[in-house]
Amino acid sequence: MFKTYRKVLLSIFVFSFCIYITAQENLLINTYNRSSISLNGDWNYIVDPYENGFYNYRYEPFENQTKPGNGAFFINAKPKDKTDLVEYDFDLSDVIQVPSDWNTQKENLFYYEGTVWYKKSFDYVKMNQDNRVFVYFEAVNYQADVYFNGEKLGTHIGGFTPFNFEVTELLKESDNFLIVKVDNKRKKEAVPTLNTDWWNYGGITRDVKLVEVSNNYIQDYFIQLNPKNNQQIRGFVQLNGTDISEKEILVSIPELKINTKVLTNEQGIASIEIKSKKINYWSTQNPHLYTVILTSESDEIKDQIGFRTIKTSGQEILLNDEKIFLKGISIHEESPIKGGRGSTIEDAQQLLNWAKELGCNYVRLAHYPHNEHMVRLADKMGILVWEENPVYWTIAWDNIETYKNAENQLTEVINRDKNRASVIIWSMANETPTSEPRNIFLTNLAAHTRKLDPTRLISAALEQSNFEGNATIRTIHDSFADVVDVLSFNQYVGWYDGLPEKCGQITWKITQNKPVLISEFGAGAKVGLHGDKLTRWTEEYQEDVYIQTLKMIEGIEQLQGFSPWILVDFRSPRRVLPKIQDGWNRKGLISEDGQKKKAFFILKNYYDGKNASN
Ligand code: GCU
C-alpha cells in the first residue's frame, strides 16, 4: 500500500516538475548527439536600419498582411520579368559568416545596432519520410524573427539561449530558403537593458542546425542524482509526438549495468528512479562521465552525464558531501582566437585551458549563458560552473514582459544544461539595486529556478555596503541574500574604491550563515605598461590589488571561493581611454592577444598553494 502511494507521490512530483520544465514548446535538448546537418557558413545578408524589409511605408508589418508583396524581405522575391519591381536581392548581396557577430566581421558594422537580415538557401532530403525536421539556433542576439520558404515560423527574444522551430510541413527537397531578421537594438524593457559593460555583438552568433527526428521522438530528459540520496539516479524522460502515452523507454547506463524500463503517462512523460551503489561520482579531480542511452520505440539518444551532488551546509559548499573551495575566474564569451563573440569548441577550449593553467577548479560564466561547448568541456575537464541570467544592473523590474523575458531566458539555459555535472550554480542577476520591485522580481526567478531544478544552488552577484555606516567595515545588506543558497558579491576595494593599500583598512562583517563567494574583484592594467604600484593601468598596480585583496578577504570567515574579474581583456563601448582602453575593459589577467599580466601569476601561485578541500 505505502509503496504505491509513494509511487503516485513521486509521479505527481515528477509530472508537475516536467510540465513546468517543458513550458518551452518543443525545445530540443542535446542536439549535440542528435542527427543533424549544419547550416553554418556563408549566409547572405542585408543591413536594414529602417526595417524597410519588415514594415511598409505606413510602418505596418508586412507579415501581418495576407499578401505582403515584394517589399517583404522574408518573401525572398525575385523579379518575375523585366518589368517587375523588386528592390533587394539576397543572392546578389554580400555574405557573412555564421556563427559569428557582424561587428567584428564587417568594419562598417562595428558599432551597428539595428536590424540585419540573413538568408540561407539549402536542399534537404529527409532520411525517412515520416520524420519531423526542426531548425535549431544555438543563439541569436537579440531578437530573431524567423521565416522559412516565405512563412513566419516565430520570434525568439534573448541573445544567449537556444530555440527551434519545426519546418516539417514547409520543407522541400530543394531550394529551401531560411530567412532571419536579427535585431540587436538595446531597449529599456529588454534583458539585458540599455547599459552593459560588454559589447552588444549582433548576429547569428552560434551554430544553426537542421535536426531530423522520428515522428515520436525523445524531446527532453533530466537525469541527475537525487540530492538527498546519492545512490539514486532520478528524473524524467519526455516523448513528443502523436503516439506517446503508455510507451516503454529503456534507460541504459552500460558501465553501471543499468537497463531499466520506464513507462510514459498520457503526456508522454516517464519518471526515472534507479538505485545504484557503484556510482563513480563526478568531481573536479575525477570528472567521470557515463554514457547514458535512452531508447524508445522509434528513437534513441545518447548523452555523457556525470553524477555528483552539490549542496551547502552552514557556511560550506559540499561537492559529493565533501567541502570544496572554489578557485575561480570570471569569463566573458569572447573568442581569444579571432576576437568577437566566442562560439566554437576551440574558443571554449582556449579559455578553459587558461583557467586550468591559472589553477582554477571553477569558472563564473558572465553575465549571460555561454555556448554549450563551454559547459560540455567543463564537464570533461572537471571545472565547476556558475551560469548567469543577463539580469544586469537596472532593468525594468515592474514590467511584466521584462519578467517573462528574464524567466524564459533562465528556463532555456536550465533546459539546455540541466544534465551537466559541471554546472552547480544558477545566478539570477548581477549588481542590481535593491528595491521592492527588484526583490520580488529576483525572488520569483529564484522560486521558478528551484521548481525547475532542485538539484543545484542559487545565487546572484550582489553589492556590498558599509556596516552600520562604518566605511571600514563592509557587509551585505540585501534582502535577496536571504533567498540565495550561496551569498555572492562583487567588490572593488583598491580600484573603484580607494587605492590598493585600502584593503588593509577594511574588515568584513557578513552576518548571514551561508557560504560566501566573491563573484568579482580586480583592477585594470594595460599589458606591458610598467611602473610603480601606485600608477594606475600598470601591471604593478593590478598586481598589488591582487596581493592586497587576497590578504583582505582571508578575513571573511564564510569565504568558500571567488572568481576575480576577469580572465581576458574584453571589448566594452564604455571603455574609451585612449592608448590604454581603446574600447577594451583592461581588467583581464591576460590581454586580448594572449599575453599574461603579472597579476596572473599572483593568483596562480595563490591557487597552486590552496588545497581546494580545505
Ligand atoms: C562590474 C560589472 C562588470 C564590469 C566590471 C568592471 O562589477 O559586474 O560587468 O565589467 O564591474 O567595472 O570592470
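Counting from 1, the numbers follow the sequence of the chain as shown. Both counts, for ligands and for their atoms, begin at 1 and track the order of listing.
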Enquirer: In the protein, which heavy atom is nearest to atom 4 (C) of ligand 1, and how far is it?
Expert: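 The closest heavy atom on the protein side is D197 OD2, 3.2 Å.
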Enquirer: Taking heavy atoms and a distance under 4.0 Å, where does N585 meet ligand 1: side chain, backbone, both or neither?
Expert: side chain
Enquirer: So if I apply the salt bridge (charged side-chain N to carboxylate O under 4.0 Å, His left out) rule between D569 and each of R575, R586, K526, which one comes out positive?
Expert: R586
Enquirer: I need the atoms of ligand 1 closer than 4.0 Å to a non-hydrogen atom of F570, numbered in the order shown.
Expert: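 The atoms of ligand 1 under 4.0 Å from a heavy atom of F570 are 10 (O).
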Enquirer: Taking side chain to side chain contact (heavy atoms under 4.5 Å, CB included) as the criterion, tell me which of V140, V116, N40, I96 meets it with I204.
Expert: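 Only match with I204 under side chain to side chain contact (heavy atoms under 4.5 Å, CB included): V140.
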Enquirer: Give me the residue, atom name and distance of the protein heavy atom closest to atom 7 (O) of ligand 1.
Expert: E431 OE2, 2.4 Å
Enquirer: Tell me if a side-chain donor or acceptor on Q105 pairs with a main-chain N or O of D101 at a distance below 3.5 Å.
Expert: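 Judged by distance alone, yes, a pair lies under 3.5 Å.
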Enquirer: For R575, take its heavy atoms, then give the atoms of ligand 1 lying under 4.0 Å from any of them.
Expert: 6 (C), 12 (O), 13 (O)
Enquirer: Is the number of heavy atoms from other residues, nucleotides or ligands under 6.0 Å of K338 NZ greater than 12?
Expert: yes
Enquirer: Can you tell which part of W198 has a heavy atom less than 4.0 Å from ligand 1: side chain, backbone, both or neither?
Expert: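 For W198, there is no contact with ligand 1 at all, from either part.
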Enquirer: From the options F521, W508, F480, select the one residue that forms a ring pair (Phe, Tyr, Trp, His ring centres under 6.0 Å) with F489.
Expert: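 With F489 as partner, F521, W508, F480 yield a single ring pair (Phe, Tyr, Trp, His ring centres under 6.0 Å), made by W508.
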Enquirer: Can you sort out which atoms of ligand 1 are near N490, meaning under 4.0 Å from one of its heavy atoms?
Expert: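 Heavy-atom distances to N490 below 4.0 Å select 7 (O), 8 (O).
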Enquirer: With a 4.0 Å heavy-atom cut-off (strictly under), which part of I566 contacts ligand 1: side chain, backbone, both or neither?
Expert: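 Looking at I566 and ligand 1, no heavy atom falls under 4.0 Å.
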Enquirer: Within ligand 1, which atoms have a heavy atom of Y496 less than 4.0 Å away?
Expert: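 Ligand 1 atoms under the 4.0 Å threshold to Y496: 6 (C), 12 (O), 13 (O).
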Enquirer: Quick one: nearest non-hydrogen protein atom to atom 8 (O) of ligand 1, plus distance?
Expert: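 Result for atom 8 (O) of ligand 1: E520 OE2, 2.7 Å.
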Enquirer: Is there a nitrogen or oxygen of W393 sitting under 3.5 Å from a nitrogen or oxygen of ligand 1?
Expert: no
Enquirer: Under 6.0 Å between the ring centres of W199 and H332?
Expert: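 Judged by ring-centre distance (under 6.0 Å), W199 and H332 do not meet the cut-off.
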Enquirer: Please say whether the positively charged group of K604, taken as NZ for Lys or CZ for Arg, lies over the ring of F601, i.e. under 6.0 angstrom from the six-membered ring centre and within 45 degrees of the axis.
Expert: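 Ring-cation test returns no.
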Enquirer: Relative to the heavy atoms of H367, which atoms of ligand 1 are at a distance of less than 4.0 Å?
Expert: 3 (C), 8 (O), 9 (O)
Enquirer: Does NZ or CZ of R474 lie under 6.0 Å from the centre of the six-membered ring of F467, at an angle within 45° of the ring axis?
Expert: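 Relative to the ring axis of F467, which defines the angle, R474 lies outside at least one limit.
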